[in-house]
Trainee: 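Sending over a structure as structure tokens; questions will come in a sec.
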Amino acid sequence: PCQIHHQRIDMHCEMRTGLLCAAVAGVVVAAAAAGPRSDGRPPKGPPTRRISPSFLGSHSSETPYGERSNAAGTEAPRGGCAADTNGHVTSSTTFSAAPEPSLVPWPRNITFSFPSHYLNLPSAVPIVAGDAGLTALAGVLAGEIAAATDGRINPVPTQSPAQSTSIDLKVDPSLTEAASVVTVDAGGVTVAGGSIDAVGTATVTLLQAIENSTDHDGIVSPVGSGDTPAGSNCTSGPRRFRVPHMVVNDLPEFGIRGVMVDAAREYLPLAALKGYVVLCRHYKLNHLHIHMTDDQAFTFPSSAYPEAAAASSWRYTLDELKELAAFAAARGVEIIGEMDVPGHSTGLTSALPYVFGWPSRGSNQPNVVNFCNASVLAALQTIFDEICDVFPGSYVHIGGDEVSFPAIDAIPEAQAEIKRLGLNSSYDLYRRFITQMQDYAKGKGRELMVWEGFGPIQGQTGRAAKAPSSVKIPTDGLVVTPFDAFYYPPPELAADGYKILNSAWTPLYIAGGNGETPELIYRWNPWLIGEVNGHLSWWSVPPESHSAIVGVKMSVWVTDAHTTLCALSTRLPAMSDRSWFPQAGRTFADYQARVANTITVLGKVLAMIPPGPPPAPTAPPPQPPLPAADGFTVGWGECRDASGSYGGRLEHNGRVSLEVCRDFCLHLGDRCDAYDFGFHPPASANGIWCGAWGTTLTPADVQTFQGTEFTYGNGTGSTLPVCKTVHTPSNICFHKANCSAAPGVPGCLAGCAC
């Protein structure tokens with residue numbers, strides 16, 4: 001008899017000819033219904049258990065797809081007893097059941113075969129590209145398998161049909177564009193998809209499913225984890241790399257799955273950007289969004305306006321960006337290059353004020369380009385033409401967030417244009433700019449992407465109060481990315497017909513290396529949008545508007561290259577697992593076990609990327625210690641002392657980065673160059689609020705905090721181990737106290753302090 005326990009099987013087997021004793025821990029589910037669905041999705045099976053945390057209601061009325069079954073309608077065998085050639089047991093043993101493949105994200109439907117259940121990979125297994133467009137992918141997969149197996153398997157890419165066990169890649173026109181099927185049986189491996197990109201995501205399933213084992217089924221160790229474990233009383237053999245016999249039918253929930261990195265506030269070298277592409281592919285994300293321009297730097301090498309990048313401390317070359325685009329395309333990742341306008345544009349207005357600035361402001365330009373001027377609009381579109389030439393794809397990203405309307409209100413040219421056009425305000429002028437860029441993007445056969453920044457046309461009250469507007473922003477050809485839900489409540493945005501790319505600050509933002517825990521991310525779902533900490537509330541897009549959510553994106557701001565990789569490696573897989581197939585019903589503990597093995601493979605694939613040369617020119621060397629009256633940055637804004645010296649960095653709404661773990665002060669009269677941020681004592685929504693660029697610290701601001709010492713909470717009921725503050729009547733000082741990194745989590749990438 002075989003007694004089945006959770007995650008363990010005790011077997012005392014007495015086998016006779018023709019009998020097999022085998023079992024596997026887990027939930028037994030029925031076989032998936034045969035045949036494809038009319039909508040192109042995999043066959044539908046019975047429901048599985050779902051996670052439902054307190055703030056996570058039911059977010060789908062659809063029965064889940066992600067079942068695990070085998071062709072006979074029972075649980076597939078994944079463990080076994082060593083037997084002689086006649087099928088008789090040669091030993092009695094107790095061992096752990098073979099685990100499910102370490103797949104992240106978990107697929108919609110996976111079926112294991114019976115009774116033969118593993119395919120051993122030959123050391124020089126051919127990878128056959130059945131379509132010329134799959135040749136590059138075949139080469140990528142060959143390199144990944146070689147790295148993951150420490151060179152013991154060296155696949156050979158080819159376009160010629162193989163005569164032996166092979167990995168066949170093919171585009172299957174009978175599948176919908178994003179659907180895929182991975183089939184592993186005694187004859188080999190077939191990876192089919194409705195498009196080249198679908199084949200690419202399916203090859204990740206294969207890569208993650210490779211196991212490292214001896215020549216029997218009782219002992220399994222994940223690929224890349226070392227030699228065969230000792231102590232088994234079953235016959236040992238040479239280590240082999242194998243894949244379970246299975247059929248995986250898959251389809252992502254969303255067409256846009258991505259990550260954004262900030263190359264304008266921290267130098268991210270080409271090798272680092274390639275690493276983020278690898279990370280995207282490894283967890284089936286298809287977009288890498290690069291925030292290339294901001295007040296701190298303009299990193300895109302425009303040929304039409306080279307002065308913009310030349311004035312920055314770091315920048316990219318066209319050759320580097322073209323190399324990155326080709327590297328990403330081979331891995332099924334689209335690069336979205338963002339030039340942030342009309343705000344966040346000091347990189348343009350300071351370098352080229354006579355092209356992008358406001359004539360009345362001379363050399364004292366705001367961080368907003370003169371977007372109501374036709375010649376400026378043409379110049380911007382020239383640069384966007386260049387960006388589109390370097391990064392082929394489906395989108396034009398103009399940023400469009402956090403425009404300082406008070407600054408525009410003080411500019412004569414803007415007010416004259418408002419009057420000429422018969423508009424009501426600078427806000428209307430901004431909305432008009434978005435529609436102009438929509439028309440531009442449509443002319444290039446692309447959709448426009450913007451960060452949230454405009455509100456309902458009928459206006460709204462509350463903290464983002466806006467009067468009704470006379471300028472309608474069409475819904476077609478536009479993807480809106482809420483990050484704080486500050487400007488346009490997401491349920492209203494969806495109900496009004498806009499496409500939404502969920503990049504919710506909570507839990508999908510990482511700033512200064514800090515972000516939410518993987519566990520909180522795993523409790524989230526793609527129809528839930530959490531605001532920024534400090535005024536935190538959750539918005540849930542109702543079921544009738546679910547189709548408005550077209551994708552998910554994790555964003556990393558103001559974080560150096562290495563920390564960006566480390567922070568993403570612990571969080572991005574959780575987002576992927578929760579958004580690829582939200583109805584999978586997997587647990588966080590199960591996810592932790594799966595992701596730990598994928599991190600091992602990820603580290604080996606990342607090691608294939610050469611470090612690359614240093615930036616040219618290099619970023620400015622570290623500056624000497626600042627005087628006591630230095631400033632700090634908060635989120636996307638900066639505060640400087642009267643001399644203009646740059647200070648430390650403090651994250652938005654009190655989420656403190658490690659860079660602020662030192663003493664510094666802000667004094668009366670110091671200039672606060674920021675928009676829409678503040679410092680909040682725990683019990684108050686008031687603090688120092690800078691509503692426009694150039695605001696200075698006043699005695700009233702200081703009085704708000706005088707004699708106060710506090711820490712900031714993270715918006716989930718707990719307190720972060722961050723720096724405390726002590727204030728005097730004439731300044732605001734920050735003193736380091738108990739600054740530390742977040743606690744470790746399973747599955748940490750080598751070199752990262754998780």
Side-chain angles (χ1 to χ4, degrees), residues 101-107 136-150 155 180 182 191 193 197-211 222-225 243 248 250 252 256-261 271-289 324 327-335 510 518 521 552-554 556 561-562 564-581 591-609 745-752 754:
S102 295
L103 305 181
V104 177
W106 190 253
L137 175 62
V140 169
L141 180 62
E144 291 171 337
I145 293 176
T149 61
D150 299 321
S180 65
V182 178
V191 182
D197 287 343
V199 177
T201 57
T203 59
V204 176
T205 301
L206 172 63
L207 178 67
Q208 293 180 348
I210 297 174
E211 297 177 353
V223 60
S225 63
V243 187
V248 181
D250 217 352
I256 306 176
R257 309 173 303 279
V259 63
M260 189 227 73
V261 294
L273 295 176
K274 287 183 176 180
Y276 310 146
V277 169
V278 168
L279 186 63
C280 286
R281 166 169 160 76
H282 199 63
Y283 294 111
K284 300 187 179 180
L285 306 181
N286 57 358
H287 291 85
L288 176 63
H289 168 186
L324 175 66
F327 182 89
R331 289 157 179 79
V333 177
E334 177 182 331
I335 303 293
I510 299 169
I521 296 169
V552 296
K553 178 172 66 180
M554 183 168 285
V556 188
H562 177 69
T564 292
L565 179 64
C566 292
L568 285 172
S569 69
T570 60
R571 296 171 176 88
L572 199 64
M575 183 194 80
S576 175
D577 210 48
R578 287 296 291 125
S579 58
W580 177 271
F581 174 38
Y591 159 78
Q592 286 181 301
R594 287 182 285 122
V595 76
N597 294 331
T598 69
I599 290 289
T600 301
V601 177
L602 173 64
K604 297 189 177 202
V605 176
L606 286 170
M608 300 167 57
I609 302 173
V745 295
C748 186
L749 192 64
C752 297
C754 300

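All residue numbers in this chain count up from 1 along the given sequence.
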Trainee: Are L279 and V259 close enough, and set up right, to give a side-chain contact (heavy atoms from CB on, under 4.5 Å), and what steps lead you there?
Mentor: CA-CA 10 Å; L279 186 63; V259 63; over 6 Å; no
Trainee: Would the distance check show the side chain of Q208 and the main-chain N or O of H282 forming a donor-acceptor pair, the cut-off being under 3.5 Å?
Mentor: yes
Trainee: Backbone N or O of G332 within a donor-acceptor pair of the N286 side chain at under 3.5 Å?
Mentor: no
Trainee: Below 4.5 Å, heavy atoms only, C-beta onward: do M554 and I510 meet side chain to side chain?
Mentor: yes
Trainee: If you compare all heavy atoms of L206 against all heavy atoms of L141, which two are closest, and at what distance to 0.1 Å?
Mentor: CD2-CD2, 4.3 Å
Trainee: If every non-hydrogen atom of H287 is compared with every non-hydrogen atom of C280, which pair is closest and at what distance?
Mentor: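 Looking at all heavy atoms of both residues, the closest pair is O-SG, 3.9 Å.
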Trainee: Using a 4.5 Å cut-off on heavy atoms from C-beta on, say whether the side chain of Y283 contacts that of V204.
Mentor: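 Of all side-chain heavy-atom pairs linking Y283 with V204, none is under 4.5 Å.
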Trainee: So does A561 get a backbone contact from the side chain of Y276, meaning a donor-acceptor N/O pair under 3.5 Å?
Mentor: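 Yes, Y276 side chain to A561 backbone: donor-acceptor pair under 3.5 Å.
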Trainee: Apply the side-chain contact (heavy atoms from CB on, under 4.5 Å) test between V595 and each candidate in S576, P105, P573; give the one that qualifies.
Mentor: P573
Trainee: If you compare all heavy atoms of L207 against all heavy atoms of A148, which two are closest, and at what distance to 0.1 Å?
Mentor: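 Result for this residue pair: CD1-CB, 4.2 Å.
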Trainee: Mind checking whether L285 and V333 have side chains closer than 4.5 Å, heavy atoms only?
Mentor: no
Trainee: For the residue pair R281 and G200, what are the closest heavy atoms and their distance?
Mentor: NH1-O, 2.9 Å
Trainee: Looking at CD1 of I256 and OG of S579, how far apart are the two atoms once the value is rounded to the nearest 0.5 Å?
Mentor: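 The distance works out to 12.0 Å.
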Trainee: Just wondering, do L606 and L565 contact through their side chains at under 4.5 Å, heavy atoms?
Mentor: yes
Trainee: Heavy-atom distance under 4.5 Å between the side chains of L103 and W580, does that happen here?
Mentor: no
Trainee: Between D250 and P107, which heavy-atom pair has the shortest distance, and what is it?
Mentor: OD2-CB, 3.3 Å
Trainee: Regarding T205 and K284, is there a side-chain donor-to-acceptor distance under 3.5 Å anywhere?
Mentor: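 A donor-acceptor contact under 3.5 Å links the two side chains.
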Trainee: For D150 and K604, what are the C-alpha separation, side-chain angles and deciding distance, and is it a side-chain contact (heavy atoms from CB on, under 4.5 Å)?
Mentor: CA-CA 8 Å; D150 299 321; K604 297 189 177 202; 2.6 Å; yes
Trainee: If we only count heavy atoms from C-beta on, is the D577 to R594 side-chain gap below 4.5 Å?
Mentor: yes
Trainee: Check step by step if side-chain contact (heavy atoms from CB on, under 4.5 Å) holds for L288 and R331.
Mentor: CA-CA 11 Å; L288 176 63; R331 289 157 179 79; over 6 Å; no
Trainee: Please name the pair of heavy atoms, one in P518 and one in A574, separated by the smallest distance, quoted to 0.1 Å.
Mentor: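 In this case the closest contact between P518 and A574 is O-CB, 4.0 Å.
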